[in-house]
**Student:** 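Right, I'll just put the structure down here and ask away after.
None of the values given here were measured: they were computed from a predicted structure.
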Amino acid sequence: QVQLVESGGGLAQSGGSLRLSCTTSGFKFSSYAMGWARQSPGKRLEWVGGIHNDGSETSYGDSVKGRGTISRDNAKSILYLQMDSLKPEDTAHYYCGKGCAGAYDDDAPLPDFCHWGQGTQVTVSS
């Protein structure tokens, strides 16, 4: 079965950095687009960003553009999210997602992801 396990979350200070990892199994990683989303209490699930299956293209939500970088290692089946210049509003539970098939829609990406991991908590202090 598809397994997505996030790690690397924790407590960070404003202005600091974190790198989240998503280790995967149960599917051919290099054939699927991958992405990240986040959710904080009282707010909707928010798109963070995604990457095409071959790593040729990435896209990001407005809230993380310029601060987040998504990459993937297809040899190791691992997805990464580098977050820099962290802000308190980045506090959320971060989820790793697997694309359904083909490319995702940049304008509305969330429906094109069919599986999400359990997530990892990121807390940014003021």
Side-chain angles (χ1 to χ4, degrees):
Q1 70 279 8
V2 173
Q3 289 192 306
L4 310 172
V5 181
E6 300 91 339
S7 62
L11 179 64
Q13 294 182 329
S14 294
S17 298
L18 285 173
R19 189 176 78 158
L20 307 184
S21 299
C22 174
T23 59
T24 76
S25 62
F27 65 102
K28 186 174 175 59
F29 181 79
S30 62
S31 294
Y32 292 88
M34 300 292 294
W36 294 91
R38 66 186 185 183
Q39 188 169 39
S40 57
K43 300 182 69 176
R44 64 175 177 84
L45 187 68
E46 179 185 24
W47 173 249
V48 175
I51 185 168
H52 288 192
N53 67 298
D54 61 358
S56 61
E57 295 183 16
T58 57
S59 62
Y60 300 94
D62 290 340
S63 63
V64 300
K65 286 180 179 175
R67 300 188 300 117
T69 303
I70 294 173
S71 60
R72 64 191 296 160
D73 186 338
N74 280 354
K76 297 182 178 180
S77 300
I78 300 176
L79 176 73
Y80 300 99
L81 171 63
Q82 176 73 34
M83 289 287 293
D84 300 319
S85 301
L86 287 164
K87 307 174 181 179
E89 51 262 45
D90 292 320
T91 295
H93 209 68
Y94 284 70
Y95 299 93
C96 166
K98 169 190 172 293
C100 300
Y104 57 85
D105 184 352
D106 291 346
D107 295 323
L110 289 176
D112 291 325
F113 290 82
C114 292
H115 194 284
W116 298 93
Q118 63 185 6
T120 185
Q121 179 67 33
V122 170
T123 301
V124 183
S125 62
S126 301

**Student:** Report yes or no: do Tyr94 and Leu18 belong to one cluster of Ile/Leu/Val/Met/Phe/Trp/Tyr joined by side chain heavy-atom distances under 4.5 Å?
**Tutor:**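 Yes, it is one cluster - the side chains of Tyr94 and Leu18 are joined through contacts under 4.5 Å.
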**Student:** Just distance, no hydrogens or angles: give the donor-acceptor pairs under 3.5 Å from side chains in residues 2-15, sequence neighbours left out.
**Tutor:**
from	atom 1	to	atom 2	distance (Å)
Gln3	OE1	Ser25	OG	3.3
Glu6	OE1	Gln118	N	3.4
Glu6	OE1	Gly119	N	2.9
Glu6	OE2	Cys96	N	2.7
Glu6	OE2	Gly119	N	3.3
Ser14	OG	Ser125	O	2.7

**Student:** Same cluster for Val64 and Val124 if Ile/Leu/Val/Met/Phe/Trp/Tyr side chains link at under 4.5 Å?
**Tutor:**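 Per the 4.5 Å side-chain linkage, Val64 and Val124 are co-clustered.
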**Student:** Which residues satisfy the side-chain hydrogen bond (donor to acceptor under 3.5 Å, both in side chains) test with Asp62, sequence neighbours excluded?
**Tutor:**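 Counting only residues at least two positions away or on another chain, Asp62 forms a side-chain hydrogen bond (donor to acceptor under 3.5 Å, both in side chains) with Lys65.
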**Student:** Atom CZ in Arg19, atom OG1 in Thr69: separation rounded to 0.5 Å?
**Tutor:**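 Arg19 atom CZ to Thr69 atom OG1 measures 11.5 Å (nearest 0.5 Å).
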**Student:** Can you list everything that forms a side-chain hydrogen bond (donor to acceptor under 3.5 Å, both in side chains) with Asp73? Sequence neighbours excluded, please.
**Tutor:**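 Counting only residues at least two positions away or on another chain, Asp73 forms no side-chain hydrogen bond (donor to acceptor under 3.5 Å, both in side chains).
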**Student:** Who pairs with His93 by side-chain hydrogen bond (donor to acceptor under 3.5 Å, both in side chains), at least two apart in sequence or on another chain?
**Tutor:**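 For His93, the residues satisfying side-chain hydrogen bond (donor to acceptor under 3.5 Å, both in side chains) (neighbours in sequence not counted) are Gln121.
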**Student:** Start with the C-alpha distance between Tyr95 and Cys22, add both sets of side-chain angles, then the distance that settles side-chain contact (heavy atoms from CB on, under 4.5 Å), and finish with yes or no.
**Tutor:** CA-CA 9 Å; Tyr95 299 93; Cys22 174; over 6 Å; no
**Student:** Kindly compute the distance separating OG1 (Thr58) from CE (Met34), expressed to the nearest 0.5 Å.
**Tutor:**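 Interatomic distance, Thr58 OG1 to Met34 CE, rounded to 0.5 Å: 15.0 Å.
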**Student:** Return a table of donor-acceptor pairs under 3.5 angstrom between the side chains of residues 76-88 and protein atoms on other chains or two or more places apart.
**Tutor:**
from	atom 1	to	atom 2	distance (Å)
Gln82	NE2	Asp84	OD1	2.9
Asp84	OD1	Ser17	OG	2.9

**Student:** So which heavy atom on Pro111 is nearest to which on Ala108, and how close?
**Tutor:**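 What the structure gives for the nearest pair is CD-O, 3.2 Å.
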**Student:** Closer than 3.5 angstrom, by distance alone: can the side chain of Asn53 be matched with the main-chain N or O of Ser30 as a donor-acceptor pair?
**Tutor:**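 Checked: pair present.
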**Student:** Please identify each residue that fulfils salt bridge (charged side-chain N to carboxylate O under 4.0 Å, His left out) with Asp90, with sequence neighbours left out.
**Tutor:**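 For Asp90 the salt bridge (charged side-chain N to carboxylate O under 4.0 Å, His left out) partners, ignoring immediate neighbours, are Arg38, Arg67.
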**Student:** Does anything in residues 8-30 pair up under ring pair (Phe, Tyr, Trp, His ring centres under 6.0 Å), and if so which pairs, sequence neighbours excluded?
**Tutor:**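 Residue pairs with at least one partner in residues 8-30: Phe27-Tyr32.
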**Student:** How long is the straight-line distance from CD1 of Ile70 back to CD of Glu57, given to the nearest 0.5 Å?
**Tutor:**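 Those atoms lie 13.0 Å apart.
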**Student:** Mind jotting down which residue pairs meet the salt bridge (Lys or Arg N to Asp or Glu O under 4.0 Å) criterion with at least one end in residues 95-108? Sequence neighbours excluded, please.
**Tutor:**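 Every candidate salt bridge (Lys or Arg N to Asp or Glu O under 4.0 Å) pair involving residues 95-108 fails, so no pair, neighbours aside, qualifies.
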**Student:** What closest approach, in Å, do Glu46 and Ser63 show between heavy atoms, and which atom pair accounts for it?
**Tutor:**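 That closest heavy-atom pairing would be OE2-OG, 2.8 Å.
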**Student:** Of all residues at least two apart in sequence or in a different chain, which pass the ring-ring contact (aromatic ring centres under 6.0 Å, His included) check with Tyr104?
**Tutor:**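 Listed in chain order: Trp47, His52, Phe113.
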**Student:** Who passes side-chain hydrogen bond (donor to acceptor under 3.5 Å, both in side chains) against Ser56, sequence neighbours left out?
**Tutor:**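 Expected list: Asp54.
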**Student:** I'd like to check the ring-ring contact (aromatic ring centres under 6.0 Å, His included) partners of Tyr60; sequence neighbours left out, ordered by chain and number.
**Tutor:**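 Listed in chain order: nothing, the list is empty.
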